[in-house]
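For reference, the structure discussed in these notes is given below.
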Amino acid sequence: MLIPAATGAAGPAPSAAPAASGAKAGNLIITRSGVAALGGRSVATPVDRPRLVDKAVAPADAAAAPATATPDERIKALEEQVRQLLQRIDQLEKNQPATPPAEPTPPPTETPAEPTPAEATPPAPAGGSATLLPNISAIGNFKFAGGDRKGTEGRGKVVLDEFEVGLQDRVAPDLRLDAFLTSDRGGRWSTSVEEAYLTWTNPLSIKSLSARIGKQRTPFGKLNPTHPHTWLYVTQPSAITALLGPDGLNSDGIVGQYLIPLGGNFLNLELGRWETASDAEPGLGFAGGGKGAYSGRLWFGKEVGRDRELEIGLSHYTGRGDVEGRGRQRLAITGLDFTFRNFPRAYQRLILQGELIQHSTGGFSSHRRFGGYLTLAKRFSQYYEAGLRGDYTRYPYPTPGHESAASLFLTRFITEQTLLRLELRHGARPEAGAFNEAWLQILTGFGPHSHNLQ
Amino acid sequence: MSLRRLNAFTALFALLVLGAAPANAKVRVIAATDNLAWVTQQIGGGLVSADYLANGNQDPHQIDARPSQVVKLARADMLVRIGMDLDLWLEPLIDAARNPKISRGGRGYVDAHVGLRPLEVPSGKLDPSMGDIHIQGNPHYEFSPEVMRSIVAHNILVGLERVDPSNSASYQSNYNALSARIQEAEKRWKAKLAPFHGRAVVTYHKTFPYLLNYFGLREFENVEPKPGIEPSAGHVAQVAREMKQNGVKAIIAESYRSRRFSDLLARQSGGTVVPIPGGIGGEKGIDSYFSLMDAIVNRIAQALA
């Protein structure tokens, strides 16, 4: 008995498989002889390439005939199974959903997997459709800050600290556009373009080379190129705030990235030219770059045993900027960063990471200021991670004083996109003296969101 | 220029050139998982050197992207990925590798699932409150021998023939041999689980629909209340009650997962936890797809007996 092809049946449909006689690719063919030969279980008889049966049409409900049944009884049991199969196929063909959808099926926001060249176009997944929408995502960073000193920003308030919308997609062969719009609290709410850049991979067909053009977080050090929602902790290390700025280094420009062949090791060189200065506050940050700045980063990585990785980076950024009471000066920051990662088993990770930053003003050795941080974090299950961080920094010349702090943080992963984090911080600042802070963070979002490898 | 400087420059130049040159004539293939790498190596034979980024002891949903993986991809002639949003962690690695051969649309870019009619394709309005939903359908097709033989192996074959057409005949021959070996093994696997056709099992995560569908088993419930969401004591207790009421005995979970909630459910339901290797290399002694499926089939059969 030949069962009509089930157009809605799920199961593998080999793209290049020659169609079995009388059937379309991906459909189910059952013959009575095939069923009987396999001991009474309804399975597909291999024709050329066997087709799988979606569990929706598997004869799970019909009872198999007991081993002691007569041939007629077994045939009747099989016919009942086949009858139920036919009913389910009819149901699939009528496209009756198991539960009525609340809304029409939305197009997937992810770019559908493209067929490999020379392959036949694969059938569209059931329930999905093609779309030209880019990857759209949104992330909300909610914080509560508690502290015993007025110097704690937002003390005693539960706030939405930052809201980020990402629009990302390929726009042409070898061209990708990433844009991140951010609304942050600051003094009052403002929305700005945190990053919007075009990445051109293999320009002029040069392998291992890419160029990134636009407004972007400057590739300096380990933490500066990253977005706060990717951090292991709530607060920004003091050295980053003091020497790079409360919002780090972020400006318009172009950076070329080249993967230097070094045997089996990773060596990435980034050279950038910047046209705007990053935001800086009096006594904080890096104000150089208003009329051109240059950056360089050399990033080395090596496997040091299976599932262990060591990275070392050297960064430099220089530009001219105004220094309070000193006029226009040549400013420079130099950074050394390292990261050690160990992945002993699934869901477990140990990270030891640190940066040492030198801020120079006018090229005078007496105007150099140092700062850095060291972090140790351990993810010990699918749902929990904990860690420690130590901070120390002096403020950029000519601002006197230094700041130090120690933090303890604990993260609870609720889903892949939602987490709850607690950070306890003890430190000392020039204006506040010793301080104690407690931060509670809820980080959540939706949509596909990705960043460059860091 | 002094002789010493010239020698140093020559050494550096040689290092850069030799570093860029291929170490041997083999086709270098990087696969997302060890299962895919194994299939690639079987089809490629001595003409191919296959490596992987995620092993069977890791959750393929959560792989940390690392610089050493970039190096592998930068030197690869072909990439085999799972697709279906399971290996999104590959995207920044592919971008960082800047290797046109393995970029999307490149000659060496292979999506192993092309041609698959996926199971559990969701419909209706989806959002993250439903857990970690794969909108293109369930991506854990590696646990179906039939899919691995007829879809995955075929896509890898097509990729190798495209990247290295001069050895097409060898690849085809190896593919046919592998296909025959898997088909032969499928007979014993199906025979082993045939007595349990229609039986229900609990799974930790929605990892095994292709496996269960292939062997005619049913997914009764999940230990996770929703995909990727940590189980709660209340949910475990409810599942245990339902297991007892329906005579469900087996709890299938990947061996890389914590046993905490699986063991709790087993104690409360009187069931048995069946640890399943996440892939080849997921446990000691699992060094091929055959030994992987042997272990899976034997353990499930033992639990259901």
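These numbers were taken from a predicted model, which means no experiment stands behind them.
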**Prompt:** Can you tell me how far the CD atom of A/Glu416 sits from the CD1 atom of B/Ile229, to the nearest 0.5 Å?
**Reply:** 9.5 Å
**Item:** Residue part contacting chain A, namely of B/Glu224, when any heavy atom lies under 4.5 Å
**Value:** side chain
**Asked** At what distance, to the nearest 0.5 angstrom, does CD1 of B/Ile133 lie from OG1 of A/Thr415?
**Response** 11.5 Å
**Request:** First locate atom CZ of A/Arg345, then atom CG of B/Asn55, and finally report the distance between them rounded to the nearest 0.5 Å.
**Result:** 11.5 Å
**Prompt:** Does A/Arg349 reach the side chain of B/Gln62, with side-chain heavy atoms less than 4.5 Å apart?
**Reply:** no
**Request:** Report the option among B/Asn57, B/Asp64, B/Asp95 that has the most heavy-atom pairs separated by less than 4.5 Å from atoms of chain A.
**Result:** B/Asp64
**Message:** Just so I understand: if I count every heavy-atom pair under 4.5 Å between each of A/Thr201, A/Thr418, A/Leu209 and chain B, which residue has the most?
**Reply:** A/Leu209
**Message:** Closer than 4.0 angstrom, basic N to acidic O: yes or no for A/Arg170 and B/Glu91?
**Reply:** yes
**Item:** Region of B/Leu93 in contact with chain A, defined by heavy-atom distances below 4.5 Å
**Value:** side chain
**Request:** Please round to the nearest 0.5 Å and tell me the distance separating atom CD of A/Gln417 and atom CG of B/Asp132.
**Result:** 7.0 Å
**Between OG on residue B/Ser68 and CG on residue A/Asp307, distance to nearest 0.5 Å** = 9.0 Å
**Prompt:** Which atom pair, heavy atoms only, marks the closest approach of B/Pro128 to A/Gly445?
**Reply:** CG-O, 4.0 Å
**Request:** Side chain from CB out, backbone as N, CA, C, O: work out which of these in A/Gln348 comes under 4.5 Å of a heavy atom of chain B, or both, or neither.
**Result:** neither
**Request:** Return the minimal non-hydrogen interatomic distance between B/Arg66 and A/Leu453, and the atom names on each side.
**Result:** N-CD1, 4.2 Å
**Prompt:** For A/Tyr347, is it the side chain, the backbone, both or neither that has a heavy atom under 4.5 Å from a heavy atom of chain B?
**Reply:** side chain
**Request:** Return the set of residues passing salt bridge (charged side-chain N to carboxylate O under 4.0 Å, His left out) with A/Asp174 (not counting sequence neighbours), or none when no residue passes.
**Result:** none
**Request:** Answer yes or no: is there a donor N or O on one side and an acceptor on the other, between the side chain of A/Asn202 and the main chain of B/Arg98, under 3.5 Å?
**Result:** yes
**Complete:** Minimal heavy-atom distance between A/Tyr383 and B/Gly228, with the atoms involved, is CE2-O, 4.0 Å
**Request:** Mind ranking B/Gly137, B/Ser258, B/Pro100, B/Gly131 by heavy-atom pairs under 4.5 Å with chain A and telling me who comes out on top?
**Result:** B/Pro100
**Complete:** Of all heavy-atom pairs linking B/Pro67 and A/Arg341, the shortest is CD-NH2, 3.7 Å
**Request:** Taking A/Gln382 for its side chain and B/Arg257 for its backbone only, find out whether a donor-acceptor pair lies under 3.5 Å.
**Result:** no
**Fill in**
Residues at least two apart in sequence or cross-chain that pass salt bridge (charged side-chain N to carboxylate O under 4.0 Å, His left out) with A/Arg412, listed by chain then number, are B/Glu230
**Prompt:** Which region of B/Ser129, side chain (C-beta onward) or backbone (N, CA, C, O), has a non-hydrogen atom less than 4.5 Å from a non-hydrogen atom of chain A, or is it both or neither?
**Reply:** neither
**Item:** Side chain / backbone / both / neither for A/Ser381 at chain B, heavy atoms under 4.5 Å
**Value:** neither
**Request:** Enter the distance from A/Ser208:OG to B/Asn99:CG here, rounded to the nearest 0.5 Å.
**Result:** 7.5 Å
**Message:** Heavy-atom pairs under 4.5 Å with chain B - which of A/Lys302, A/Arg176, A/Arg306 has more of them than the others?
**Reply:** A/Arg306
**Asked** Side chain, backbone, both or neither: which part of A/Phe413 has an atom under 4.5 Å from a heavy atom of chain B?
**Response** neither
**Asked** For B/Arg260, does the CZ atom have more than 12 heavy-atom neighbours from other residues, nucleotides or ligands under 6.0 Å away?
**Response** no
**Prompt:** With a 4.5 angstrom heavy-atom cut-off, which part of B/Ala97 approaches chain A: side chain, backbone, both or neither?
**Reply:** backbone
**Request:** Decide side-chain contact (heavy atoms from CB on, under 4.5 Å) for A/Leu259 and B/Val70; before the verdict, give the C-alpha distance in whole Å, the side-chain angles of both, and the deciding distance to 0.1 Å.
**Result:** CA-CA 9 Å; A/Leu259 202 59; B/Val70 174; 3.9 Å; yes
